[in-house]
Amino acid sequence: MYQQNGEEIFVIDGHVHLWDATEENIDHRGGEEFIQCFYDYHTTFTPEDRQWDLDEYRKYGPDRMVDDLFATAAADMAIFQPTYLTDFYTEGFNTTEQNAELAAEYPERFVLNGTFDPRDGDEGLEYLDELHDKYDIPGVKLYTAEWRGDSKGWRLDDEEAFEFLEKCLELGIENIHAHKGPTIRPLNRDAFDVGDIDDAASSFPELNFIVEHVGLPRLDDFCWIGTQESNVYGGLAVAAPFAQNRPGKFSEILSELLWWLGEDRVLFGSDYAIWNPDWLVEEVLEAELTQEHRAEYGVEWDVETKKKVMGENIADLYDIDIEAKRETFRNDDISQEFGLEDHYASGDPAPADD
Amino acid sequence: MTTHDSDGPALPSPPTRAAVRDRLDRVTDPELDRSIVTLEYIDAIAIEGRRVRIDLTLPTAWCSPAFAWMMAIDARDEIESLASVGNAHITLHEHMHEAEINRGVNENLSFTEAFPDADDDVEAVRRELDEKARVARQYDAVQTLLEAGLDPDTIIELRGNDFETAERAESTGTSDTNETIAVYASDRSFAVTVPATPIERYLEKARETDLVTSTDDILFRTPEGEPIDPGSFDLVHRRGRLAQVNMSGQGGICDGLRKAREARGI
């Protein structure tokens, strides 16, 4: 939990990965380009003294991940968002199965999401069933720009995609995280396009559509869709680290999001290991909206808003009881390992909001 | 600023660097609506007689091939529009599709010839980005008019023939940025003078997107291209602001990636 002015802010990192981009796992030049591109993002928005070298970035392993997320209680919980990329990486880049091992070790701390790809047809539907049976996944991460054989991508408003969304509904997989941000290989097809969220979200009002990276570089389209579809949410991964070296820009983007979507529909995510919550959470929570933006947009980045964006909003989507978690964390494996018992025991529990 | 056709008879003198740069400055990154010169995408300009070679690197190898294509052909076409240039040769570096793009641009192929497995032509993408650029530029133009004291009801009714380029500010005012333009509002009952640049930048995109084709067309529109209903003026204006925030946000990302890449020496 982050302590600020006597308040405790419970942090659920809504977007983390455990990936393997070692050279042995790369079987397409796209795999090397992909990790290099990720690394550019890492160095661009990470303070110099917190940057990793490329080798440790290729594969950091579960111990380091747990340490980075939880050792200083930078995050209290985290949600795994898989990225398969099986055309680029022999064993996949960051699959549900790979994430599952660590998630199973600390089930109180991690939420494990799955994925689907409508181009897999019936096999894909079966795989979704399997993920549900095996891991009881509460959500999926979707990568519409993923390259699969000759295909350069797919859309969430395709007929085939709707079949999978039907299936999610049937299985009670309610949280649909779509990567709508920096992408890979769409030739002239506009894979940044968030337009497909619109139809999917209005056709499946029971599902929650979390647009990861708030549609950047299509923030405008995303916000406009968000004003019309109340089940559309914005995931801050990529936008968050602007707080560190482009504070004015961060202030502006956050103001836009709070104005268009409101404080209940913006969700924090670090995109670990692109960025590390061990410094990012503090940067985001210590960031301020500029005077001009507060006047222009009439929004605030105050402690109530921070609590919602950093944890409460995601907790609502994933039925996480923050108070019960705080109780649990007074004595769970992680707290014992890092000596955090007092951290979770201290202070009066904040009154529940609802 | 502007370049003139050479008036030498037989052997036109080679283009100047300044003239080439000026032409390149008109090429925008379609996603950011900013000049590729300002964005520092140009690595080198080499002039060999009537032949001009341009080296170009974009912020990431992943930059959309369609965007990369647009910048490369726009650079070629702008430079070749100089009478003193016979041929412009463009070399894009460090891009996942540099081979296809360089071949296509220098052999005058179309996008679909250069990328046989592309689904569509690049024009639809270009159009969409031009429309976004128009919306973002409208924000500046409308903001300029609001600051000059015009009210929303007046602004949404303005047409091209309500604007008249004012006399250049006397003596010193020769730079474009100091130019002003007069707006005649409310059946020409009064006029205000405003900086010309935001208005002209807007008009350029409004014409490119075919929203304004005659001097009698309503100038300012919703992002969907419709005239603005008085009740939705504020919302439309906010959407213009949002389009700007989006572009400059993406600009921040691209700029950061470019610096990271340079720092690693690749």
Side-chain angles (χ1 to χ4, degrees), chain A residues 29-30 32-34 36-46 48 51 54 145 150 152-153 181-193 195 213-224 227 238-239 241-242 245-246 248-250 252-257 259-260 293 296-297, chain B residues 31-32 59-70 94-97 100 111-112 114-126 128-129 132 135-136 223-224 235 238-264 266:
Chain A
R29 85 169 176 135
E32 181 59 25
E33 298 243 22
F34 190 87
Q36 293 274 353
C37 176
F38 261 36
Y39 190 65
D40 285 343
Y41 274 93
H42 167 73
T43 54
T44 299
F45 293 101
T46 298
E48 215 158 315
Q51 292 178 12
L54 182 59
D150 290 336
K152 300 168 202 124
T183 190
I184 327 171
R185 186 191 167 86
L187 282 183
N188 65 331
R189 188 156 167 172
D190 194 355
F192 301 139
D193 183 23
H213 320 299
V214 293
L216 286 168
R218 295 289 178 268
L219 179 71
D220 46 349
D221 296 337
F222 164 67
C223 287
W224 186 238
T227 58
V238 175
F242 272 70
N245 59 351
R246 286 179 167 70
K249 206 68 236 171
F250 177 77
E252 194 174 54
I253 291 173
L254 187 59
S255 298
E256 289 280 2
L257 289 169
W259 196 86
W260 291 98
H293 294 151
E296 181 182 353
Y297 294 93
Chain B
E31 193 173 38
L32 311 182
T60 76
W62 303 90
C63 177
S64 157
F67 301 168
W69 174 267
M70 287 181 224
E94 296 284 341
H95 193 277
M96 202 164 170
H97 295 285
E100 294 98 321
F111 184 74
T112 42
F115 290 95
D117 54 349
D119 296 334
D120 312 295
D121 200 7
V122 75
E123 287 312 312
V125 177
R126 186 194 282 280
E128 190 194 321
L129 293 171
K132 283 170 177 283
V135 173
E224 290 74 27
L235 189 63
R238 287 224 171 249
R239 289 179 73 186
R241 176 82 168 102
L242 176 61
Q244 284 194 334
V245 171
N246 177 59
M247 280 181 170
S248 58
Q250 182 60 11
I253 291 175
C254 291
D255 187 47
L257 291 175
R258 187 179 53 77
K259 291 200 172 97
R261 200 179 161 99
E262 282 171 3
R264 288 161 61 204
I266 57 167

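Every chain is numbered from 1, with letters handed out A, B, ... down the list of sequences. Only a predicted model underlies this, so the values are computations on that prediction, with no experimental measurement involved.
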Student: Given a strict heavy-atom distance threshold of 4.5 Å, which part of A/F45 is in contact with chain B: side chain, backbone, both, or neither?
Tutor: side chain
Student: Minimum heavy-atom separation for A/R246 and B/G256, please, with both atom names.
Tutor: NH2-N, 3.9 Å
Student: How long is the gap from CD on B/E31 to CZ on A/R218, to the nearest 0.5 Å?
Tutor: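 So the gap between those two atoms works out to 5.0 Å.
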Student: If we define contacts as heavy-atom pairs under 4.5 Å, which of B/G249, B/A68, B/P223, B/G251 has the most with chain A?
Tutor: B/G249
Student: Judged by atom type as modelled, is there a donor-acceptor pair below 3.5 Å linking the side chain of A/R29 to the main-chain atoms of B/M96?
Tutor: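 Here the side-chain-to-backbone pair exists.
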Student: Set out, in order, the CA-CA distance, both residues' side-chain angles and the distance that settles side chain to side chain contact (heavy atoms under 4.5 Å, CB included) for A/D220 and B/V135, then state yes or no.
Tutor: CA-CA 10 Å; A/D220 46 349; B/V135 173; over 6 Å; no
Student: If I compare all heavy atoms of B/R238 with all of A/E296, which pair ends up nearest, and what's the gap?
Tutor: NH2-O, 2.8 Å
Student: Under the side-chain contact (heavy atoms from CB on, under 4.5 Å) test against B/L242, which residue among A/W259, A/W260, A/F222 passes?
Tutor: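 When side-chain contact (heavy atoms from CB on, under 4.5 Å) is applied between B/L242 and each of A/W259, A/W260, A/F222, only A/W260 qualifies.
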Student: Near A/E48 CD, under 6.0 Å, is it more than 12 heavy atoms from other residues, nucleotides or ligands?
Tutor: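 Open: at most 12 neighbouring heavy atoms sit under 6.0 Å from CD of A/E48.
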Student: Could you tell me which portion of A/F242 (side chain, backbone, both or neither) has an atom closer than 4.5 angstrom to a non-hydrogen atom of chain B?
Tutor: side chain
Student: For B/N246 versus A/L219, what's the shortest heavy-atom pair and its separation?
Tutor: OD1-N, 2.8 Å
Student: Which one, A/T43, A/D221, A/T227, leads in non-hydrogen pairs under 4.5 Å with chain B?
Tutor: A/D221
